[in-house]
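Below: one structure, written as structure tokens.
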Amino acid sequence: MFRNALPLVFFFFFFLFVMALEGAIKDLVSRLEAVTARLESVEGQLASGGGGAAAAPAAGGASAAAASSAAGDAYGELVAEFFAPWYATTQKVGGENLKAQMEAFQELVKQVQGVINVAAASKKPSMDVLQKIAAPLAASMKKVKELRESNRRDAQWEHLSTLSEGCAFANFLFVEPTPAPFVKETLASGQFWSNKILVANKGKNQDQCDFANGFTGFLNALHDYIRKHHTTGLSWNPRGGDAAAAAASSSTASSSAAPPAGGPPPPPAPSAASMNQATGASSSSSAPKKSGAAMTDVFKELSKGTAVTSGLRKVAREEKTKYRTDRTSVVKAVPQKKAPAKKWGSGGSSGKTFPPKGPELEGKKWVVEYHEDNKGIVISENTRSETVYIYKCNNSVIQIQGEKINSVCLDSCNKTSVVFNHAVANVEVVNCNGCQVQAKGSVPSFILDKSSSVQLFYAKETCSAQLISSKCDSINLLIPTEDGSDVVEHPVPEQIVTMIDGATPKHTIFEHTG
């Protein structure tokens with residue numbers, strides 16, 4: 001009896017198992033249908049640019065989908081881990097100008113995240129659309145650079161230069177096919193200045209060292225991030241919506257009264273070099289197809305054998321070059337044009353002329369170059385640690401009004417005058433003709449080399465100065481009398497008499513008597 005009931009029991013349990021399995025399958029199918037409907041809804045929002053009333057709770061469907069991208073999340077983590085501590089250190093050590101520059105740099109970092117989010121939700125746009133989308137970020141980079149250029153006398157010049165060089169990192173978004181090495185080049189440019197901060201503050205001010213190390217750490221982390229998420233360029237979504245609409249939606253959300261913390265700001269403008277590189281890469285991808293078709297046609301023609309030349313026209317005798325009477329093998333001599341006389345202010349043997357430059361402060365050196373007939377050149381805000389370099393000026397006058405200057409150098413000038421108060425180091429005149437130098441105070445020494453017809457005007461405090469001259473002629477010193485009522489002109493000797501006394505040469509100045 002038990003054996004007869006065993007099949008019934010087995011069938012009963014099998015029936016229960018099938019019913020349970022059928023219920024699980026129905027539940028799974030219903031869940032899959034719900035997920036499919038949700039995906040179709042999101043796809044519809046992305047295709048329409050993420051706008052409309054239905055997208056209001058999420059502040060734009062495209063923005064929400066973009067914000068959830070893996071690349072965007074990874075960039076947000078990078079900013080929180082590396083940029084946020086660097087920003088806090090800058091607020092601690094920075095002056096007014098550096099803090100303002102860091103605020104612009106922070107805006108740039110946010111805008112980069114905006115571009116990444118828009119790319120995650122959009123198809124790659126055309127070059128014209130990409131440039132329009134990217135325009136606001138170019139303004140942020142320009143602001144960072146202008147804050148450096150307009151504050152050259154700032155005590156934190158190296159800090160301002162570090163941020164100015166480093167802000168170019170944002171262009172990696174538009175560099176193809178190797179954006180990661182581009183960021184490394186930007187890091188090297190910024191480290192030129194940040195290393196100076198490290199050298200000056202090592203063992204003295206740890207906050208300053210943290211600022212320099214924070215810059216390096218941020219760009220190094222960005223380099224690794226790009227290699228992982230944007231290996232050959234910015235990652236776009238081939239199934240995404242319109243990039244211009246997505247960017248407009250995200251910019252609208254970011255400009256509202258209470259914008260979301262992760263809302264993407266406007267994207268940056270691509271640099272000209274990166275745009276050319278990108279267009280060159282896209283055009284080169286289609287080149288092999290054209291060249292392959294062209295080579296196929298060539299081989300088809302060559303396979304015809306001698307028939308390949310059947311379509312060529314025979315050249316008549318009178319059309320051949322050797323039989324033409326209107327041509328000759330004699331080459332006529334062309335008269336050479338006389339080279340124009342070299343002028344002062346020209347670019348040497350190349351004959352180029354240059355516009356006047358300066359007075360302009362480059363670091364700690366005032367530069368005055370290529371001025372012609374300018375009698376009103378004034379340097380009024382110099383300090384004792386700055387130098388003045390005057391190059392290829394003609395018939396001009398330079399006044400240095402500061403109380404003290406470190407040194408003055410005239411190089412390759414003609415009929416040019418320089419007036420200054422006190423000099424800490426040397427005053428040099430090199431390769432000059434007909435120049436005048438007037439010192440109103442003390443000068444350690446004058447150095448003249450390869451110059452002619454130079455006049456040095458001394459004050460009473462200048463009389464202790466040393467004069468060293470070589471390969472010079474017609475050098476005159478105008479020295480005031482003891483009572484200061486007049487100035488007497490004294491020439492610098494040019495003729496030296498050398499006599500041998502035993503085995504030792506002795507030199508004396510040759511003097512005319514009579």
To the closest 0.5 Å, what do you measure between CZ (Arg227) and CG (Leu222)?
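Atom-to-atom, Arg227:CZ and Leu222:CG are 13.0 Å apart.
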
Side chain to side chain contact (heavy atoms under 4.5 Å, CB included) against [X], all qualifying residues, sequence neighbours excluded:
X	answer
Ala139	none
Ala439	Phe420, Val443, Phe446, Thr462
Lys145	Ser164, Cys167

Just grab all the ring pair (Phe, Tyr, Trp, His ring centres under 6.0 Å) pairs involving residues 116-145, residues at least two apart or on different chains.
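Output for this query is empty, none listed.
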
Sorted by first residue and then second, give each ring pair (Phe, Tyr, Trp, His ring centres under 6.0 Å) pair with at least one member in residues 115-146; sequence neighbours left out.
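Listed once each, the pairs would be none.
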
Would Ser412 and Tyr391 count as a side-chain contact (heavy atoms from CB on, under 4.5 Å) if you check the C-alpha gap in whole Å, the side-chain angles of each, and the deciding distance to 0.1 Å?
CA-CA 6 Å; Ser412 304; Tyr391 180 68; 4.2 Å; yes

Should Phe172 and Phe182 be marked as a ring-ring contact (aromatic ring centres under 6.0 Å, His included) after you check the CA-CA gap, both sets of side-chain angles, and the distance that decides it?
CA-CA 7 Å; Phe172 86 86; Phe182 175 81; 8.2 Å; no

Pairing residues for [X] by the side-chain hydrogen bond (donor to acceptor under 3.5 Å, both in side chains) criterion, not counting sequence neighbours:
X	answer
Tyr87	Glu103
Asp411	Tyr389
Glu149	Arg152

Restricting to pairs with a member in residues 162-173, which pass salt bridge (Lys or Arg N to Asp or Glu O under 4.0 Å), not counting sequence neighbours?
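Output for this query lists Arg148-Glu165.
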
Sort and list the pairs that fulfil side chain to side chain donor-acceptor pair (under 3.5 Å) and have at least one residue in residues 440-451, not counting sequence neighbours.
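For residues 440-451: His422-Ser442, Asn426-Ser445, Asp449-Ser470.
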
Verify the neighbour count for atom CD of Glu381: are there more than 12 heavy atoms of other residues, nucleotides or ligands below 6.0 Å?
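Not more than 12 within 6.0 Å, no.
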
Reference residue Ser396; test side chain to side chain contact (heavy atoms under 4.5 Å, CB included); the match among Val368, Val418, Ile390, Ile377
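For Ser396, the side chain to side chain contact (heavy atoms under 4.5 Å, CB included) check succeeds only for Ile377.
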
Glu386: which of Lys404, Lys365, Arg153 passes salt bridge (charged side-chain N to carboxylate O under 4.0 Å, His left out)
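For Glu386, the salt bridge (charged side-chain N to carboxylate O under 4.0 Å, His left out) check succeeds only for Arg153.
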
For residues 202-215, which side-chain N or O atoms pair as donor and acceptor with protein atoms under 3.5 Å away, sequence neighbours left out?
unit_1: Asn205; atom_1: OD1; unit_2: Asp207; atom_2: N; d: 3.1
unit_1: Asn205; atom_1: OD1; unit_2: Gln208; atom_2: N; d: 3.4
unit_1: Gln206; atom_1: NE2; unit_2: Asp210; atom_2: OD1; d: 2.9
unit_1: Gln208; atom_1: OE1; unit_2: His159; atom_2: NE2; d: 2.6
unit_1: Asn213; atom_1: ND2; unit_2: Cys209; atom_2: O; d: 3.1

Can you name the salt bridge (Lys or Arg N to Asp or Glu O under 4.0 Å) partners of Lys357, sequence neighbours left out?
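By the salt bridge (Lys or Arg N to Asp or Glu O under 4.0 Å) rule, Lys357 matches Glu362.
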
Could you check whether Asn220 and Lys184, counting side-chain N and O atoms only, form a donor-acceptor pair closer than 3.5 Å?
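The criterion, which ignores hydrogens and geometry beyond distance, is satisfied for Asn220 and Lys184.
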
Among Tyr75, Tyr225, Phe169, Phe218, ring pair (Phe, Tyr, Trp, His ring centres under 6.0 Å) partner for Phe83
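Per the ring pair (Phe, Tyr, Trp, His ring centres under 6.0 Å) rule, the option paired with Phe83 is Phe218, out of Tyr75, Tyr225, Phe169, Phe218.
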
